[in-house]
Engineer: 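Sharing a structure below in structure tokens format, with a few things to ask.
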Amino acid sequence: MSTIYLIRHGKTPANEQHLYCGSTDLPLSEAGLSELKDLHYCVGDARFITSGMKRTEQTLKALFGDVPFSVERGFREVDFGVFEMHSYEQLKLRQDYQAWLTGDNESNIPPQGESGAQMTRRVIAAFEKYADPAQNTVIVSHGGVIAALMAHLFPQEQKSRYQWQPKPGRGYAIENGQYRILE
């Protein structure tokens, strides 16, 4: 039986500064690269996939070395639109930001961005292309992407997207309809 590994990229400067960062193509921070060196995952013979963003490709290399990989743009993080690369403190007085935060956070769309529901549909469509039970698959992606997939795959857990979001460099291994946390 094969295993699908969902691994979040390491820390970026945006993570460290508490900025909304989805569509901005940032590299890992020095601390993010350093933290990845302490992690080791045994994935056997596997195919590797990233979202194609710098932070995911650097994470893949830090964890697994120079392995061949594919890029699936469907595994990119949600696009925060005009809120991208800003913090709560910078945005909290904006009416459009408050409107986005209140109500149905899955359906609300940030100006020039995408909703959580739109991102989830994109991610699930990409995941279905790679859910091959005959081959181990490592997907190095983003916290929101992984959380959306886990909420979709394990609805019985009744966890919110925020409860599913793994720490940088961590994630989940899914096998036989069960999951385990990668630490």
Engineer: Counting N and O atoms only, with roles assigned by atom type, does the side chain of Gln163 sit under 3.5 Å from a partner on the main chain of Ser160, one being a donor and the other an acceptor?
Structural biologist: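 Here the side-chain-to-backbone pair exists.
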
Engineer: Between Arg76 and Gly74 (side chain of the first, backbone of the second, donor and acceptor by atom type, cut-off under 3.5 Å), is there such a pair?
Structural biologist: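 No; zero donor-acceptor contacts below 3.5 Å.
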
Engineer: Compare all side-chain heavy atoms of Arg8 with those of Arg170 and state whether any distance is below 4.5 angstrom.
Structural biologist: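 Result no, sub-4.5 Å side-chain heavy-atom pair not found.
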
Engineer: Closest heavy-atom contact between Thr12 and Arg55?
Structural biologist: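 Taking every non-hydrogen atom into account, CG2-CD, 3.5 Å.
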
Engineer: Once you measure the plane-to-plane angle for Trp164 and Tyr172, does it fall in the parallel (<30°), tilted (30-60°) or perpendicular (>60°) bin?
Structural biologist: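 Taking Tyr172 first and then Trp164, their aromatic rings stand perpendicular (interplane angle over 60°).
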
Engineer: Between atom CD of Glu72 and atom OG of Ser51, what is the distance when rounded to the nearest 0.5 Å?
Structural biologist: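 Glu72 atom CD to Ser51 atom OG measures 9.5 Å (nearest 0.5 Å).
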
Engineer: List the atom of Asn136, the atom of Val43, and the distance in Å for their closest heavy-atom pair.
Structural biologist: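 Scanning both residues, the minimum pair turns out to be ND2-O, 2.9 Å.
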
Engineer: Could you state the interatomic distance from CD1 (Ile146) to CG (Leu153), rounded to the nearest 0.5 Å?
Structural biologist: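 So the gap between those two atoms works out to 12.0 Å.
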
Engineer: Under the rule for side chain to side chain donor-acceptor pair (under 3.5 Å), what residues qualify as partners of Gln135, not counting sequence neighbours?
Structural biologist: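 Gln135: no side chain to side chain donor-acceptor pair (under 3.5 Å) contacts found.
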
Engineer: Hey, is the main chain of Leu28 close enough, under 3.5 Å, to the side chain of Gln58 for a donor-acceptor pair?
Structural biologist: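 Such a contact is found between Gln58 side chain and Leu28 backbone.
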
Engineer: Linking I/L/V/M/F/W/Y whenever any side-chain heavy atoms sit under 4.5 Å apart, do Met53 and Met85 land together?
Structural biologist: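 Met53 and Met85: separate clusters.
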
Engineer: Heavy atoms only: give me the nearest Leu39-Gly169 pair and the separation to one decimal.
Structural biologist: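 Minimum heavy-atom contact is CD1-O, 3.3 Å.
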
Engineer: Determine yes or no for a side-chain-to-main-chain donor-acceptor pair under 3.5 angstrom, with Asn108 supplying the side chain and Ala99 the backbone.
Structural biologist: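 Side chain of Asn108 to backbone of Ala99, a donor-acceptor pair under 3.5 Å: yes, one is there.
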
Engineer: Report the distance from atom OG1 of Thr59 to atom CG of Leu36, rounding to the nearest 0.5 Å.
Structural biologist: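 Thr59 OG1 to Leu36 CG: 5.0 Å, rounded to 0.5 Å.
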
Engineer: Apply ring-ring contact (aromatic ring centres under 6.0 Å, His included) to residues Phe48 and Phe64 and explain how you reach the verdict.
Structural biologist: CA-CA 9 Å; Phe48 297 90; Phe64 301 102; 5.1 Å; yes

Engineer: Any donor and acceptor pair, going by atom type alone, linking the side chain of Glu84 with main-chain N or O of Asp79 inside 3.5 Å?
Structural biologist: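 No, because the side chain of Glu84 does not come within donor-acceptor range (under 3.5 Å) of the backbone of Asp79.
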
Engineer: Decide if atom CD of Glu16 counts as having more than 12 heavy atoms of other residues, nucleotides or ligands within a radius under 6.0 Å.
Structural biologist: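 Check passes, neighbour count above 12.
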
Engineer: Check this for me: Asp104, atom CG, are more than 12 non-hydrogen atoms of other residues, nucleotides or ligands nearer than 6.0 Å?
Structural biologist: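 Atom CG in Asp104 is crowded, with more than 12 foreign heavy atoms closer than 6.0 Å.
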
Engineer: Is it true that, when you exclude Lys167 itself, more than 12 heavy atoms of the residues, nucleotides or ligands shown sit nearer than 6.0 Å to its NZ?
Structural biologist: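 It does not: Lys167 NZ has 12 such atoms or fewer within range.
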
Engineer: Can you find a heavy atom in the side chain of Phe127 that is under 4.5 Å from one in the side chain of Ile4?
Structural biologist: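 In short, these two side chains touch, coming nearer than 4.5 Å.
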
Engineer: Evaluate the side-chain proximity of His18 to Glu89: yes if any heavy-atom separation is below 4.5 Å, no if none is.
Structural biologist: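 Side chain of Glu89 against side chain of His18, heavy atoms only: no contact under 4.5 Å found.
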
Engineer: Describe, in one word, how the ring planes of Trp100 and Tyr20 are oriented to each other, choosing from parallel (under 30°), tilted (30 to 60°) and perpendicular (over 60°).
Structural biologist: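 The arrangement is perpendicular - the two ring planes meet at more than 60°.
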
